[in-house]
Amino acid sequence: MVQAWYMDSSTEDQRLEHHKDPPEFLSLEKLYKLTGVEYFDFKNLESPDGKETLEKLKRDRGYTFEDQITCSKECLPNYNEKLKSFFTEHLHTDEEIRLVLEGSGYFDVRDASDKWIRIQVVPGDLLIIPSGIYHRFTLDTNNFIKAKRFFVGEPVWTPHNRPLADEMDCRKSYVEILQRGF
Ligand SMILES: CSCCC(=O)C(=O)O
Ligand SMILES: [Fe+2]
């Protein structure tokens, strides 16, 4: 089951959980209300039902491109460099959609007060991170994740780092929606 919590401010190893003391969890509804991040449960991905639900989601949202990424020392070219850029706070001009197939990791997203929310993902979790939200990704202490990536049209994975990205249209639109409320 996916879980989300507010992070502590320690600069210790990014792969640790970084719970506050005491821990402060968020429901998926709250996560959506606060950030616009959407979650879909695909624990049944291997069943006919699961496959059909995924096809429907792809149709509904116009995801025409799909591939897979494996993050491990063995499988990811320029492993250290890639992981460093994944964990540098950034945004994208499009949604970032990931469906975890194996392994686990953490997506961190900023709330409206710039607090970090950590979202733990495990197999069967599909996350949609909106365009324009500042976020980052890290492996956990298992150092392995395999995920499907989806995209509308030709994929663009370019990260735009903070603070330069503050001036981008997608950032301004996101902030506007955030102020109006999801
Ligand atoms: C779980 S996918 C690995 C991370 C990634 O693709 C990204 O942050 O863009
Ligand atoms: Fe990203």
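In this text, all values refer to a predicted model and were calculated from it rather than measured experimentally.
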Q) So, for Gln14 and Thr138, which heavy atoms are closest and what is the spacing to 0.1 Å? A) NE2-OG1, 2.9 Å
(Q) Is there a continuous path of hydrophobic side-chain contacts, each under 4.5 Å between heavy atoms, that joins Val100 to Val2? (A) yes
**Q.** Donor-acceptor contact present, side-chain Tyr134 to main-chain Asp166, <3.5 Å
**A.** yes
Q) At what distance, to the nearest 0.5 angstrom, does OG1 of Thr141 lie from CG of Leu16? A) 7.0 Å
Q) If we ignore angles and hydrogens, is there a donor and acceptor under 3.5 Å between the side chains of Tyr6 and Asp111? A) yes
Q: Could you note down all residue pairs passing salt bridge (charged side-chain N to carboxylate O under 4.0 Å, His left out) where residues 54-67 supplies at least one of them, sequence neighbours left out?
A: Glu38-Arg61, Glu52-Arg59, Glu55-Lys58, Lys56-Asp60, Lys58-Glu66, Arg61-Glu95, Glu66-Lys148, Asp67-Arg149
Q. Which pair of heavy atoms, one from Ile145 and one from Gly105, lies closest together, and at what distance?
A. CD1-N, 3.8 Å
Q) Which ILVMFWY residues are connected to Trp5, directly or by a chain of links, through side-chain heavy atoms under 4.5 Å apart? A) Phe25, Tyr106
Q) Taking only residues two or more places apart in sequence or in another chain, which ones pass salt bridge (charged side-chain N to carboxylate O under 4.0 Å, His left out) with Glu89? A) Arg110, Arg162
**Q.** Hydrophobic cluster of Met7, others only, ordered by chain and residue number, side-chain cut-off 4.5 Å
**A.** Trp116
Using atom types as modelled, flag every donor-acceptor pair under 3.5 Å from a side chain in residues 72-80 to any protein atom, sequence neighbours excluded.
unit_1: Ser72; atom_1: OG; unit_2: Cys75; atom_2: N; d: 3.1
unit_1: Tyr79; atom_1: OH; unit_2: Arg15; atom_2: NH2; d: 3.4

Q. With ILVMFWY side chains joined below 4.5 Å, transitively, what does Phe151's cluster contain besides itself?
A. Phe65, Val156, Trp157
Q) To which residues is Leu54 joined in a hydrophobic cluster, defined by side-chain heavy-atom contacts under 4.5 Å among Ile, Leu, Val, Met, Phe, Trp and Tyr, whether direct or through other members? A) Phe40, Phe42, Leu45, Leu57, Tyr63, Ile97, Leu99, Leu101, Leu126, Ile128, Phe150, Val152
Q: Go through the steps to decide whether Tyr32 and Ser27 satisfy the test side chain to side chain contact (heavy atoms under 4.5 Å, CB included), and finish with yes or no.
A: CA-CA 9 Å; Tyr32 177 70; Ser27 66; over 6 Å; no
Q: Walk me through it: do Lys43 and Asp125 pass the test salt bridge (Lys or Arg N to Asp or Glu O under 4.0 Å)?
A: CA-CA 7 Å; Lys43 294 289 179 288; Asp125 291 336; 2.7 Å; yes
Q | Lys33 NZ: over 12 foreign heavy atoms closer than 6.0 Å | A | no
Q.
Any non-hydrogen side-chain atom of His18 less than 4.5 Å from a side-chain atom of Ser10?
A. yes
Q: Step by step, work out the side chain to side chain contact (heavy atoms under 4.5 Å, CB included) result for Lys51 and Asp49.
A: CA-CA 6 Å; Lys51 290 196 171 90; Asp49 252 18; over 6 Å; no
Q: Taking side-chain hydrogen bond (donor to acceptor under 3.5 Å, both in side chains) as the test, write out the residues that go with Ser131, two or more places apart.
A: none
Q.
According to salt bridge (charged side-chain N to carboxylate O under 4.0 Å, His left out), who are the partners of Asp94, at least two apart in sequence or on a separate chain?
A. none
Q.
Between Asp140 (side chain only) and Asn142 (backbone N and O only), is there a donor and an acceptor less than 3.5 Å apart?
A. yes
Q. Does Leu91 belong to the same Ile/Leu/Val/Met/Phe/Trp/Tyr cluster as Ile177, with side-chain heavy atoms less than 4.5 Å apart forming each link?
A. no
Q) Side-chain heavy atoms under 4.5 angstrom apart, residues restricted to Ile, Leu, Val, Met, Phe, Trp, Tyr: same cluster for Phe87 and Phe107? A) no
Q) Using 4.0 Å as the upper bound for N to carboxylate O, is an ion pair formed by Asp108 and Arg118? A) yes
Q. According to the side chain to side chain donor-acceptor pair (under 3.5 Å) rule, which pairs have a member within residues 167-182, sequence neighbours left out?
A. none
Q: Return yes if some donor-acceptor pair links the side-chain N/O of Lys146 with the main-chain N/O of Ile69 below 3.5 Å, else return no.
A: no
Q | All side-chain contact (heavy atoms from CB on, under 4.5 Å) counterparts of Pro159, not counting sequence neighbours | A | His90, His92, Asn161
**Q.** Non-neighbouring partners of Val109 that pass side-chain contact (heavy atoms from CB on, under 4.5 Å), sequence neighbours left out
**A.** Leu31, Thr35, Val37, Ile117, Ile119, Ile133, His135
